[in-house]
Trainee: 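Just dropping this structure here.
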Amino acid sequence: MATITDDIRKEVREVVFDFFAEECEIELSELSDNTNIFTDIDGDSLMFLELIEIFKEKYGLDIELKTIGKYSVKNPVKTIGELIEMQLLIIEHGNNIDHI
Amino acid sequence: MNSTKTAFVFPAFVSEYLGNEIDIIRNLSGDFDAFLSITTACGLPEFKDFSLANETYIQNELYSQISSYLFGCSMAKALIDKAIIPELLAGNSMGLYAALYCSGAVSFEDGLKLIRKAYELIQLEIKGEEMGMGAIVGLELKDMEKIVEQLNNGAFIANKNGEYSYLISGRKERIEEALALAKNEGTLFTSKVLVRSPYHTEFIKNAALQLGSFIDQQISINEPQVKIISSVDQLELMTPNQIREELIDNIYHPINWYASMVHMIENGTDRFIECGAGNTLTKLARFIKGDFKVYPINKINKLVRIIFFKNTGNPDNNGFFMKNL
């Protein structure tokens with residue numbers, strides 16, 4: 001189990017915000033934790049997948065996509081804030097995220 | 001010095017437009033309006049007032065394919081007229097028709113005829129049965145195969161769009177069941193695709209074979225000027241007969257867009273231009289490993305400027321393709 005430091009928390013936020021700003025061609029200032037990825041900025045499932053792959057590579061995570069999928073069914077992610085929290089849980093718990 | 005190898009890739013029907021596609025193509029050339037006029041004159045007067053603001057062109061299954069064809073053909077022609085010449089072409093699913101036009105294998109009008117006939121034959125074959133397609137993102141092939149096994153031959157994998165991205169096709173209730181099974185399995189996302197036809201399955205094999213007869217009687221297929229990569233088996237299509245077979249197989253065989261992209265990358269393609277509306281193929285390509293770039297329609301102006309200036313003085317600028325317009 002990894003420890004989530006303030007630096008990691010900040011880094012994850014930056015990566016997520018920068019990602020959506022670039023992909024959705026929106027100014028960073030227009031994004032917030034409450035931004036609905038699907039309805040506010042036309043995000044889609046492939047963006048989710050891409051972010052997961054980015055973090056898997058960045059933090060050397062060995063986590064199955066299905067595990068994340070099962071977690072998402074119980075804890076739907078719609079907003080940027082929810083996505084950040086999920087990513088932090090993935091980093092912290094890895095494949096055990098489904099048992100939280 | 002390594003030279004760039006370019007492929008034009010053509011999407012199937014577009015589920016989500018960026019919104020400014022028509023403006024971008026009109027800025028490139030006047031071809032879009034010329035193609036619209038031909039479309040209207042070819043028995044599709046509904047396209048006289050074509051507009052992305054009108055959802056009919058997205059929600060109507062036939063109109064959606066025609067729209068995608070229009071964007072694909074006009075964008076490809078505009079690029080070629082600016083001396084951006086592809087070494088390879090590939091069409092994802094019904095994107096095949098625009099790829100065939102671009103290669104010179106069929107005329108624009110014959111492409112329209114093929115799309116309409118295929119659609120008509122498919123609707124006749126399914127005879128009002130409730131069919132459809134679904135998208136599943138986040139599972140591997142073995143998970144998908146496990147799901148399909150449970151569907152009593154009611155739905156099948158239609159297309160592998162990416163390593164973790166699949167389309168399934170078949171009876172509506174089996175599609176719904178598959179999406180539910182996928183959620184239990186741990187997929188990230190599922191959605192129904194906005195079509196009523198079970199593309200790329202044996203449900204429409206007879207329609208495909210009848211299309212073959214129609215092609216023999218009514219369509220003139222030329223030798224392609226540019227190789228086309230089959231989405232069915234990733235072979236290079238270089239003869240009229242191969243193209244005829246691909247037109248039939250593309251209807252009722254499962255396809256593998258992911259394998260087509262990997263094939264092109266492994267054979268040296270390092271620049272892909274998504275010729276069409278939206279940017280679905282560009283997004284799918286992000287999950288494929290390799291040293292290449294993909295340009296969707298909204299990034300095309302920059303590319304055109306770079307390449308145009310590099311290629312100024314290219315003697316083949318106007319002589320490459322049949323001018324059927």
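Here the structure is a predicted model, which means the values were calculated and not measured. Proteins get letters first, then strands, A, B, ... in listed order; numbering begins at 1 in each.
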Trainee: With chain B as the partner, which of A:Lys70, A:Glu50, A:Glu64 has the greatest number of non-hydrogen pairs under 4.5 Å?
Mentor: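 Winner by heavy-atom pair count: A:Glu50.
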
Trainee: Does any heavy atom of chain A fall under 4.5 Å from the side chain of B:Asn298, the backbone, both, or neither of them?
Mentor: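 The side chain, not the backbone.
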
Trainee: Answer whether the closest heavy-atom distance between the side chains of A:Leu65 and B:Leu139 falls below 4.5 Å.
Mentor: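 No, every pair of side-chain atoms sits at 4.5 Å or beyond.
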
Trainee: Quick check: are there more than 12 heavy atoms from other residues, nucleotides or ligands sitting under 6.0 Å from NZ of A:Lys74?
Mentor: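 Yes, because the 6.0 Å sphere around NZ of A:Lys74 holds more than 12 heavy atoms from other groups.
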
Trainee: Heavy-atom distance under 4.5 Å between the side chains of B:Leu188 and A:Ile52, does that happen here?
Mentor: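 Result yes, sub-4.5 Å side-chain heavy-atom pair found.
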
Trainee: What do you reckon, is CD of B:Gln59 surrounded by more than 12 foreign heavy atoms closer than 6.0 Å?
Mentor: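 Yes.
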
Trainee: Select, from A:Thr67, A:Asp44, A:Ile68, the one with the greatest count of heavy-atom pairs under 4.5 Å involving chain B.
Mentor: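 Ranked by contacts with chain B, first place is A:Asp44.
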
Trainee: Go through the atoms of B:Asn279 and report whether side chain, backbone, both or neither lie under 4.5 Å from a heavy atom of chain A.
Mentor: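 It is neither, since no heavy atom gets under 4.5 Å.
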
Trainee: Pick one of side chain, backbone, both or neither for A:Glu53, based on which atoms fall under 4.5 Å of a heavy atom in chain B.
Mentor: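 A:Glu53 touches chain B through side-chain heavy atoms alone.
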
Trainee: Do A:Lys66 and B:Asp143 have side chains that get closer than 4.5 Å, going by heavy atoms?
Mentor: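 Result yes, sub-4.5 Å side-chain heavy-atom pair found.
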
Trainee: Shortest non-hydrogen contact from A:Leu49 to B:Tyr164?
Mentor: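 For A:Leu49 and B:Tyr164, the tightest heavy-atom pair comes out as CD2-CB, 4.2 Å.
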
Trainee: Looking only at non-hydrogen atoms, find the nearest pair between B:Val137 and A:Ser45 and report the distance.
Mentor: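 Shortest heavy-atom separation between B:Val137 and A:Ser45 comes out as CG2-OG, 3.7 Å.
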
Trainee: Quick test of your reading of the model: are A:Glu57 and B:Lys289 salt-bridged, counting only N-O distances below 4.0 Å?
Mentor: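 Salt bridge between A:Glu57 and B:Lys289, a charged N being under 4.0 Å from a carboxylate O: no.
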
Trainee: Using 0.5 Å steps for rounding, measure from the CZ atom of B:Arg286 to the CD atom of A:Glu23.
Mentor: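 Rounded to the nearest 0.5 Å, the CZ-CD separation comes out at 4.0 Å.
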
